[in-house]
2 protein chains.
Amino acid sequence: MGMLLRLAHLRAREIFAEALRPLDLRTYHYGALLVLARKGPCTQRELAAALATDKSTMVRMIDDLEDRGLITRARMPSDRRAHAITLTDRGREVTARADAIAETMHDVLLAGFTDDERRTLRDLLVRLTRYDAF
Amino acid sequence: MGMLLRLAHLRAREIFAEALRPLDLRTYHYGALLVLARKGPCTQRELAAALATDKSTMVRMIDDLEDRGLITRARMPSDRRAHAITLTDRGREVTARADAIAETMHDVLLAGFTDDERRTLRDLLVRLTRYDAF
DNA sequence: TATTGTTATACTCTATAACTATA
DNA sequence: TATAGTTATAGAGTATAACAATA
C-alpha cells in the first residue's frame, strides 16, 4: 500500500507538474491557489494548515505567488500580526486556466476509469486522508 | 486528486516510517526488501526499475542494507558488470518482522475500511499506477 | 506569554553527469 | 559503442529554530 501510494503520488505529480509548466506554476502553487479560490481570503497560517505544510514553507510559496502578481498580502486590521492573502484578478484568471489543465490531466491520470470508479477512488482517499476541505 | 494523493502518501509514509524506526529501516529500505523477498535475487538495475527510482539512488540504498547485514552484493559470473543482490538470513528475518509491522500499520492507515473497500482501493491504485509487480 | 510571519539553515529523498569496468 | 554500477554534486520539497512584531 505504501509503495502504491508513493507511485500514485509520483505519477500524478509528474503529469500535473509538466502540464502546469506553461503557467509557471509548481503543483504546490496550484494547491494554494485552489484553496484560496474555494475558501476565499486566508491567513498564511490557515493556508499552511489546509495544505498540511509548514508556515516557513508557506512564506516562500506566498512570495512566489506575489512575485507573479497572483495574490496580495495585506495586514489584517483585526490582527496586525496576520496577513490576509487574497487572489488578484490575474490570480483568479490563472487559477481558472490551471483548473482547465488539471481537468485534462485528470483524464490522463484516470484514463480507463469509469465515472463511478473515479468517485469511488476519490471517496476512499478522502476517508484515508481525513481531508474535508473540498 | 493531486492533493489527495499527496496527503495520502504523506500520511502513509509518516505512519510506516515511525513504525519501522525500531528496525532501523526507512520506508524505501523496506520497499527494496519487499521486492527482493517476492522476486528473489535481482541486479541493482532491476531493483531500481521495480522501485521506480534511479540507479545512483539504488547504490546508496544497497550500501545501507549491506551495512546492516541484510543483503549481499556479488558479482554475477554471467555478466561481471552486474551485481546480484541477495537477501541474507538476517535480511529475511528482518523483512518478516517489517511485514508484520506493515500489516499492523495497514490497519491504522485503513481504520474503518471494510475488506471490500481495501481491495477496491488497492485495485484502483494498481490500475492508476500500472504497477504489476506484486 | 503566546502567536503570525520571517529568516537562516538543514534535512530527506531523488536525479544528473562524469567516471570505471566490463560487455 | 553500450551498459552496470559508482561517485560527486545538485535539486526539489519540506522542516526546525531563533527572531521581530503584535496580541
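Each chain gets a letter, A, B and so on, in the order its sequence line appears, and its residues count up from 1.
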Just the rounded figure in Å: distance from [atom2] of [N] to [atom1] of [X].
{"X": "A:Asp79", "N": "D:dA21", "atom1": "CG", "atom2": "C1'", "answer": "11 Å"}
{"X": "A:His9", "N": "D:dA12", "atom1": "NE2", "atom2": "P", "answer": "15 Å"}
{"X": "B:Met3", "N": "D:dG13", "atom1": "CE", "atom2": "P", "answer": "15 Å"}
{"X": "B:Ile85", "N": "D:dA4", "atom1": "CD1", "atom2": "C1'", "answer": "11 Å"}
{"X": "B:Lys55", "N": "C:dT16", "atom1": "NZ", "atom2": "C1'", "answer": "10 Å"}
{"X": "A:Met61", "N": "D:dA15", "atom1": "CE", "atom2": "C1'", "answer": "15 Å"}
{"X": "B:Arg60", "N": "D:dT7", "atom1": "CZ", "atom2": "C1'", "answer": "10 Å"}
{"X": "A:Met58", "N": "D:dT16", "atom1": "CE", "atom2": "P", "answer": "17 Å"}

[X] side-chain N/O to [Y] backbone N/O, donor-acceptor pair under 3.5 Å:
{"X": "B:Arg68", "Y": "B:Asp64", "result": "yes"}
{"X": "A:Thr88", "Y": "A:Gly69", "result": "yes"}
{"X": "A:Arg11", "Y": "B:Leu128", "result": "yes"}
{"X": "A:Arg118", "Y": "A:Leu110", "result": "yes"}

Between [options], which nucleotide has the shortest distance from any of its atoms to the side chain of [X]?
{"X": "A:His83", "options": "D:dA4, C:dC13, C:dT6", "value": "C:dT6"}
{"X": "A:Val59", "options": "C:dA23, C:dT7, D:dA23", "value": "C:dT7"}
{"X": "A:Arg26", "options": "D:dA12, C:dT7, C:dT4", "value": "D:dA12"}
{"X": "B:Arg6", "options": "D:dT14, C:dT6, C:dA23", "value": "D:dT14"}
{"X": "A:Arg45", "options": "D:dG5, D:dT9, C:dT4", "value": "C:dT4"}

With sugar-phosphate meaning primed atoms plus P, OP1 and OP2, does [X] contact a base, only sugar-phosphate, or nothing at under 4.0 Å between heavy atoms?
{"X": "A:Asp54", "value": "base"}
{"X": "A:Arg75", "value": "nothing"}
{"X": "B:Thr57", "value": "base"}

Would one find a side-chain N or O of A:Thr53 under 4.0 angstrom from OP1 or OP2 of D:dG13?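 Indeed not, no polar side-chain atom of A:Thr53 lies that close.
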Ignoring hydrogens and angles, are the base of C:dT3 and the side chain of A:Arg81 linked by a donor-acceptor pair under 3.5 Å?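 A donor-acceptor contact between them is present.
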Got a donor-acceptor pair under 3.5 Å from the side chain of B:Ser56 to the base of C:dT14?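 Result: no qualifying N/O pair found.
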If you find the nucleotide of DNA chain C closest to B:Ala52 and the one closest to A:Arg73, which residue's nucleotide is nearer the 5' end?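 It is A:Arg73 whose nearest nucleotide is closer to the 5' end.
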Donor + acceptor pair across side chains of A:Asp116, A:Thr114 (<3.5 Å):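 Per modelled atom types, A:Asp116 and A:Thr114 side chains form no pair under 3.5 Å.
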